[in-house]
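Order of the sequence lines fixes the chain letters, A, B, ..., with proteins taken first and strands second; residue numbering starts at 1 for each chain. Here the structure is a predicted model, which means the values were calculated and not measured.
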Amino acid sequence: VSEPLVPFRETIVSTNAGAASQCTETSLPPPWKDTDGLKRARGGLFRFVTGSRSLAVTIRCFALPVDMAAALDNDTSSEGKTLATALERCDASAVWSGACQSFDDMPASDVSVDSFRFMWNKLMSTLISVDDDVYVDPCLYDPSRTGVAESPDRNFELLGRIVCLGPHGAGPNMLVMSPSIALDITNASVFTLPAAAAAAEV
Amino acid sequence: MRLYSLFLLLLLLLRYEDMMLLFYMCCSLWPPVCLRYCGQEDASKSGADTAHLSVSDISHEDADTRTLLSASLTDRPEVFLRVWTRVKAALLAGFQMVTASGPLMAESLHGVGFAVEKVELSRHLSGMTVDELRAMGADPLGDSTDAATPHESYVSALSMGQLISDVKDAMKVSMLSAKLRIVEPLYKCSIQCDQMQLGNLYPVLSRRRGEVIEEDVIEGTTLFILTVILPVADSFGFSQELLKKTSGSGTAPQLFFSHWRRIDLDPFWKPTTAEELEDLGKSIVEPNLPRVFIDNVRKRKGLVVEEKIVVSAEKQRNLKTNK
């Protein structure tokens with residue numbers, strides 16, 4: 001009889017979280033040590049260049065707050081599923097991020113606008129009203145960024161930047177656009193995003 | 001003339017690194033080239049918090065690429081949009097692949113976010129007209145993708161297969177450079193046990209890393225009801241052991257999945273400080289709990305595992321039982 005299988009999962013902790021990390025400079029042991037480009041990556045930030053050197057993308061990984069990951073995990077809650085369906089439905093309509101900029105974009109679905117809004121506000125409350133010891137990545141919510149804390153649609157700023165959830169479209173992981181890159185693009189005239197008017201009503 | 005020669009001398013004295021530093025100092029003065037990240041704008045306010053994301057930290061590219069890849073070129077949005085459509089599709093696919101199978105042991109990820117911080121096009125690519133882009137097949141928005149490819153080398157840059165695997169690898173590397181942890185599933189169960197056997201029950205739980213979160217006595221009896229959180233990895237054979245150790249007094253519990261919890265132990269921990277080195281020695285360290293889990297899963301999946309098969313080759317001999 002083979003040993004029983006236990007489905008583990010992999011995660012990272014934020015470097016700023018001050019979590020119990022016994023040593024600062026962890027040198028990886030052999031199977032991982034020889035990964036290409038590991039020397040150029042720092043603290044989760046990595047920039048890759050395509051083989052022909054015509055394109056470079058900088059990617060950074062960060063830890064989602066535990067509460068948010070739990071809320072998105074569709075094993076234990078329906079919120080992740082709701083958000084995933086909403087993102088999926090919006091994908092065709094939105095040019096830039098694949099997410100809905102306003103709720104009017106959302107095609108008729110089994111999720112009503114009100115319940116989606118409620119779900120999203122609940123999800124954002126895991127970011128906004130957290131204790132000081134929970135580290136929230138500035139990419140998700142950063143009150144010190146100009147105008148975010150006062151903005152009436154601060155809850156919906158992130159929604160416009162989420163590209164998708166994973167694995168398999170719905171899960172506790174998230175691909176987002178950095179606010180600075182989103183800013184660059186929205187300033188360019190081609191990307192006229194619909195104003196988050198519906199969001200402002202909340 | 002004198003000044004000029006002094007300048008030349010200075011140039012000679014500067015090392016390569018200094019030159020690069022100068023280059024980046026100049027670059028940062030020009031806004032589009034300046035690298036910005038989440039929270040980077042507030043670097044002055046938050047101080048050391050974001051220091052690990054400074055510009056100098058990620059500029060470890062060879063000079064060739066550095067000159068090739070200029071800014072994110074938002075001044076040419078019509079070109080950027082066309083390339084972006086393709087890059088976005090690759091990002092989506094790569095992201096799904098990484099989240100389904102992570103770098104540690106090819107298990108799915110939990111609570112990891114990836115941020116796209118910057119997309120850069122080479123001067124060549126961004127200098128192209130929309131027609132040229134369409135000709136090389138990098139225009140999914142266009143009506144047709146003809147085979148006419150005037151820029152052979154750049155076609156591969158935007159071929160989906162390569163982009164996807166580039167994105168996937170990049171995400172894995174970025175995770176490896178952060179602090180990795182594993183997340184384990186937990187069971188919840190309630191156990192009924194007689195007061196007399198409670199002392200025998202607790203060692204069973206603690207040996208299996210169980211946690212009692214509630215303890216109630218049933219009124220008028222000597223029975224206790226415990227609500228216990230138990231890691232799935234240590235739950236096999238739990239009820240048998242429970243019954244045996246409590247002489248049948250503890251009820252065989254029903255285990256329900258409760259939630260996922262991160263194990264806050266660095267799987268790659270090694271003794272580094274003088275004190276730790278003295279206590280534990282340099283080389284022989286028992287792999288800690290998450291590392292044991294990782295190695296087991298990797299072994300099961302047939303992935304590479306660092307394992308010493310022969311620990312001390314000199315001492316090998318046939319061991320006899322009847323000495």
Heavy-atom pairs under 4.5 Å with chain A - which of [options] has more of them than the others?
options                         : value
Ser101(B), Ser108(B), Pro185(B) : Ser108(B)
Leu180(B), Asp169(B), Leu109(B) : Leu109(B)
Ala233(B), Ser177(B), Pro231(B) : Ser177(B)
Val304(B), Leu104(B), Ile263(B) : Leu104(B)

**Report entry** Where Thr99(B) and Pro167(A) come nearest, the two heavy atoms and their spacing
**Finding:**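 Looking at all heavy atoms of both residues, the closest pair is OG1-CA, 3.3 Å.
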
Query - Shortest non-hydrogen contact from Ala178(B) toward Ile12(A) - result: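 Shortest heavy-atom contact: CB-CG2, 4.0 Å.
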
Requested in this report: Can you measure from CZ (Phe8(A)) to CG (Asn296(B)) and round to the nearest 0.5 angstrom?
Outcome: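 CG of Asn296(B) is found 8.0 Å from CZ of Phe8(A).
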
Query raised in the report: Which distance, rounded to the nearest 0.5 Å, do you find between the CG of Leu165(A) and the CD of Gln96(B)?
Result: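 Reported value, rounded in 0.5 Å steps: 8.5 Å.
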
Requested in this report: Among Val57(A), Ile59(A), Leu64(A), Asn173(A), single out the residue with the greatest number of heavy-atom pairs under 4.5 Å to chain B.
Outcome: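 Top count of heavy-atom pairs under 4.5 Å with chain B: Asn173(A).
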
Query raised in the report: Top residue by heavy-atom pair count (under 4.5 Å) with chain B, among Ala69(A), Pro7(A), Ala63(A)?
Result: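 Highest number of pairs under 4.5 Å: Pro7(A).
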
**Report entry** More than 12 heavy atoms of other groups within 6.0 Å of Lys33(A) NZ
**Finding:**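 No - once you tally the heavy atoms of other residues, nucleotides and ligands closer than 6.0 Å, there are 12 at most.
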
Name the region of [X], side chain, backbone, both or neither, that has any atom closer than 4.5 Å to a heavy atom of chain A.
X         : answer
Ala106(B) : backbone
Pro103(B) : both
Met97(B)  : neither
Val297(B) : side chain
Arg300(B) : side chain

Query raised in the report: Under 4.5 Å between any side-chain heavy atoms of Val167(B) and Phe48(A), yes or no?
Result: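 Yes, side chains in contact.
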
Query raised in the report: Glu184(B) versus Val6(A): any side-chain heavy-atom pair under 4.5 Å?
Result: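 They are not in contact (no side-chain heavy atoms under 4.5 Å apart), so the answer is no.
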
Query raised in the report: For Arg9(A), which of Arg181(B), His110(B), Glu107(B), Met105(B) qualifies under side-chain contact (heavy atoms from CB on, under 4.5 Å)?
Result: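 Among the candidates, only His110(B) passes.
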
